[in-house]
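Scroll down for the structure; my scribbles are underneath it.
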Amino acid sequence: MRVSKLFGKTLREIPAEADTVSHQLLVRAGMVNQLVAGVYSYLPLAWRVLQKIENIVREEMDRAGGQELSLPVLQPLELWQLSGRGEALGKVLFTLYDRRERPLALGPTHEEVITQLVSRNVRSYRDLPLMLYQIQTKFRDEPRPRGGLIRVREFPMKDLYSFDTDEAGLDVSYRKMIEAYRKIYERCGLPALLVEADSGAIGGKDSHEFMLVAGSGEDEIIYCPGCDYAANVEKAVSVKGNIENGAPRKVEEVSTPGMGTIEEVAGFLKVPHSHTLKAVFYVADGKMVFVVIRGDLAVNEIKLKNRLRCTELRLATEAEVIEAGIVAGAASPVGLSGFKVVADDSVSSGTNFVAGGNKPDTHLRNVNYPRDFKADIVADIATARAGERCASCGGVLASTHGIEVGHVFKLGTFLSEKLEAVFIDEKGETHPIVMGCYGIGIGRLLAAAIEQSHDAKGIIWPAPIAPYHVYLCPLYREGTKVTEVSEKLYGEFLAAGLEVLYDDREESPGVKFNDADLLGIPFRVTVSPRTLQKESVELKRRNEKESALVPLAGIADKLKGLIKG
RNA sequence: CGGGGCGUAGCGCAGCUUGGUAGCGCGUCUGAAUGGGGUUCAGAAGGUCCCCGGUUCAAAUCCGGGCGCCCCGACCA
């Protein structure tokens, strides 16, 4: 491709709208253009990268036994009501009406469609296992698109769905996919970390995410430097430890004038935070929930939501708390009734806690579970934090941020049950198909690759996904043989199967070099009177500082070798 | 949905406080010189000042309403 003809202009200045590095570089390199919030056009350079990523993904999916197909974007809303996930997705679902006023959704994903399709084509255990995938545009009306291509509302995504006869089969498919994903990230130059994840609105059991560790990442990862434990903070667990505070004593009331927060109460009574119990109030699907947790810990709303099995969960407003007759600042489940009480399992990790007295300015000492209060649910609902102990090895947990570049789920049978995707086993018995699903956002992978690999000058593409292999850069063409030689080289490179960006513009060396760096093409070949004097060209790798003179003869083959290697 | 910011030429911005009909840099086009890291000089084109309404002799500027975009949070397969 000749740069003079390439559609897309490079920008010197950083676009005002872009905050994230990958976003800035994508815009400056003339690769993407925003149409509305979270919706982008991909210009030729970006399109080439997307296709390369897509092909890598496709190859690995095929290798793992996947069969590619194409599914509708327009989906009847009923299908989402049938699966029950329409409600869970809520406003994320783009909806529209056809001319007959029939409600439709733009597919945010395709589990429902594929399950229905499979239910019509699979009858027998002989048809299983099965892996089907598609690489298509998905639509999600995200509450807040951000970070350029990191979180968008319309985006290309690969989804593979596995169908097995039993859990053991699902385990096999799941492991195959994790392996395939590892290869994909490796080929894209991304050191992705496998972390345990919450399965969210999609439901199901096991779930893992692949994370690219990056400061700009939206997700917090809790990991253990001492072992291989790593989890999304939504899911992460830690050792809460036992709090030694003597044998249970008799409850006594203490006056705590004006003391409301754990900070204040603990300070006033001169006890550590871990010797207190904290009460937090939530509204789950419209009902007040009373949550108790040890004073030094924080509630993890995702865990809480999962335990409550509710669709909507939010903190109760001050007015709602008062309305419910709760004494904010001095509340505890002791002696209270009429609320659903959820306790973090830390309430049984110690004795003689300080808790609210359910009277203004009053707290209780020596509160013990379960002696003094009961809970409807006792479970881990705490947020794991860096500095706490690892549940697997006892090491000290650390925290970092990451960009989610892949997510795999063991769906189980809930969708196949709802949509009646069943098979008949050897004994003639009918069972729901056991499902898994595995997604990779292609555009996000592109953005993540840039986040992972760039410098002050621009993008540094890993060769397998670079839009072009070689940037052919002639200098000082007028009155010299540079043009002649460059044109010849261009032809040779193309003939050798190299992907070449040929900067045939009348620009100064600075402009060309800076554009070459910005676009991040792995190899730059400079032709100038100076190099031609020595029958050579200058070869420079984008990711290295030094360049070298290389003889003209055989340069195409040499490049070919370097790119393959 | 809550909080904050922004909207003026293709891009980045100034002008708005104190109303008088728009300017700078980059880019683009023309010409010349230059020649290894965004080169210099000369000239030119390019604007519904986000939209609607109001105040005024006069609105980019003041007032009201709306829309859009970005950031933080909520949220987010």
Side-chain angles (χ1 to χ4, degrees), chain A residues 8-20 23-24 27-28 30 33-39 83 85 88-93 107-112 138-148 150-153 155 157 159 161 197-204 207-210 216 218-219 232 234-235 301-302 305 311-315 317 404-411 415 436-441 444 456-458 473-480 482 505-518 524 526-531 537-538 540 545 547 549:
Chain A
K9 290 249 180 298
T10 57
L11 260 44
R12 275 190 205 199
E13 281 167 297
I14 297 171
E17 307 292 61
D19 233 43
T20 315
H23 189 197
Q24 291 175 350
V27 175
R28 283 191 55 212
N33 191 266
Q34 187 181 61
L35 185 63
V36 292
V39 179
S83 75
R85 297 203 307 164
L89 281 163
K91 288 184 174 166
V92 169
L93 212 53
T109 178
H110 289 75
E111 280 86 26
E112 296 32 32
K138 315 256 173 170
F139 296 85
R140 294 179 192 173
D141 198 357
E142 297 286 350
R144 183 147 93 84
R146 72 180 111 189
I150 300 289
R151 181 167 291 280
V152 285
R153 300 195 295 168
F155 55 100
M157 180 169 172
D159 245 342
Y161 311 98
D198 178 71
S199 54
I202 195 156
S207 173
H208 287 85
E209 287 165 334
F210 284 89
S216 60
E218 297 178 294
D219 291 287
N232 192 311
E234 295 175 354
K235 165 94 175 181
E301 294 186 10
I302 308 271
K305 193 173 169 181
T311 326
E312 196 214 28
L313 180 75
R314 59 172 175 85
L315 274 171
T317 63
E404 179 191 346
V405 289
H407 203 156
V408 296
F409 301 84
K410 286 187 186 172
L411 286 177
L415 253 187
C437 73
Y438 317 85
I440 284 189
R444 187 183 280 185
K457 288 283 188 183
C473 191
L475 304 178
Y476 315 130
R477 308 184 303 166
E478 222 165 292
T480 70
V482 169
R505 298 173 303 171
E506 277 299 338
E507 289 289 354
S508 69
V511 170
K512 291 188 174 187
F513 289 161
N514 278 298
D515 275 346
D517 288 345
L518 177 59
R524 188 182 78 197
T526 307
V527 186
S528 75
R530 198 197 281 181
T531 68
V537 295
E538 181 196 87
K540 184 184 171 296
K545 236 187 154 148
S547 60
L549 275 183

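The figures here come from the full heavy-atom set of this structure, side chains too, leaving out hydrogens, waters and symmetry mates. Labels below follow one simple rule: chain letters A, B, ... track the order of the sequence lines, proteins then strands, and each chain is numbered from 1. Remember, it's a predicted structure, so these values are computed and weren't measured experimentally.
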Reckon A/V36 touches a base, only the sugar-phosphate, or nothing at all at heavy-atom distances under 4.0 Å?
sugar-phosphate

With sequence neighbours left out, what residues match A/D517 under side-chain contact (heavy atoms from CB on, under 4.5 Å)?
A/K457, A/R524, A/R542

Can you list everything that forms a salt bridge (charged side-chain N to carboxylate O under 4.0 Å, His left out) with A/E112? Sequence neighbours excluded, please.
A/R85

If each of A/M157 and A/Q34 is mapped to the nucleotide of RNA chain B with the nearest heavy atom, which maps nearer the 5' terminus, i.e. the 5' end?
A/Q34

When all nucleic acid strands are considered with a 4.0 Å heavy-atom cut-off, which category describes A/E538: base, sugar-phosphate, or nothing?
base

Who are the side-chain contact (heavy atoms from CB on, under 4.5 Å) partners of A/L315, not counting sequence neighbours?
A/V280, A/Y282, A/E301

With sequence neighbours left out, the residues meeting ring pair (Phe, Tyr, Trp, His ring centres under 6.0 Å) with A/H208 are A/Y174

Assign A/G406 to base, sugar-phosphate, or nothing according to its heavy-atom contacts below 4.0 angstrom with the strands shown.
nothing

Partners of A/P15 by side-chain contact (heavy atoms from CB on, under 4.5 Å), sequence neighbours excluded?
A/A18, A/V27, A/R28

Output the single nucleotide from B/A77, B/G38, B/C76 whose closest atom is nearest the side chain of A/D515.
B/G38

Please work out if A/V92 contacts a base, only the sugar-phosphate, or nothing of the nucleic acid, heavy-atom cut-off 4.0 Å.
nothing

Hey, does the side-chain of A/R314 have a donor or acceptor N/O within less than 3.5 Å of a partner on the base of B/G2?
no

Given atom CG of A/D141 and atom P of B/C76, what is their separation to the nearest angstrom?
14 Å

Show each protein N/O and nucleotides 27-35 of chain B N/O combination with a separation under 3.5 Å, one pair to a line.
{"from": "B/G27", "atom 1": "OP1", "to": "A/R12", "atom 2": "NH2", "distance (Å)": "2.7"}
{"from": "B/G35", "atom 1": "O3'", "to": "A/Y476", "atom 2": "OH", "distance (Å)": "3.0"}
{"from": "B/G35", "atom 1": "O2'", "to": "A/Y476", "atom 2": "OH", "distance (Å)": "3.1"}

Using only side-chain N and O atoms of A/K305, determine if any of them is under 4.0 Å from OP1 or OP2 of B/C76.
yes

The criterion is salt bridge (charged side-chain N to carboxylate O under 4.0 Å, His left out); which residues satisfy it with A/K138, sequence neighbours excluded?
A/D159

Just grab all the side-chain hydrogen bond (donor to acceptor under 3.5 Å, both in side chains) pairs involving residues 9-20 of chain A, residues at least two apart or on different chains.
A/T10-A/D515

Sugar-phosphate, base or nothing in reach of A/T531, heavy atoms under 4.0 Å:
base

A correct 5'-to-3' footprint of nucleotides 4-15 of chain B, with B, S and - meaning base, sugar-phosphate only and no protein heavy atom under 4.0 Å, is -------BSS--

Heavy atoms only, 4.0 Å cut-off, all strands: where does A/K457 land among base, sugar-phosphate and nothing?
base

Closest-nucleotide mapping onto RNA chain B: is A/G148 or A/P108 further toward the 5' terminus? I mean the 5' end.
A/G148

Rounded to whole Å, CD of A/Q24 lies from C1' of B/C70 at a distance of 12 Å

Set of residues satisfying ring pair (Phe, Tyr, Trp, His ring centres under 6.0 Å) with respect to A/Y438, sequence neighbours excluded:
none

Could you list, one pair per line, each protein nitrogen or oxygen that sits under 3.5 Å from a nitrogen or oxygen of nucleotides 72-74 of chain B, together with the distance?
{"from": "B/C72", "atom 1": "OP2", "to": "A/R144", "atom 2": "NH1", "distance (Å)": "3.1"}
{"from": "B/C72", "atom 1": "OP2", "to": "A/R144", "atom 2": "NH2", "distance (Å)": "2.7"}

What residues form a side-chain contact (heavy atoms from CB on, under 4.5 Å) with A/V482, not counting sequence neighbours?
A/P474, A/R477, A/T480, A/S486, A/V527, A/P529, A/L532

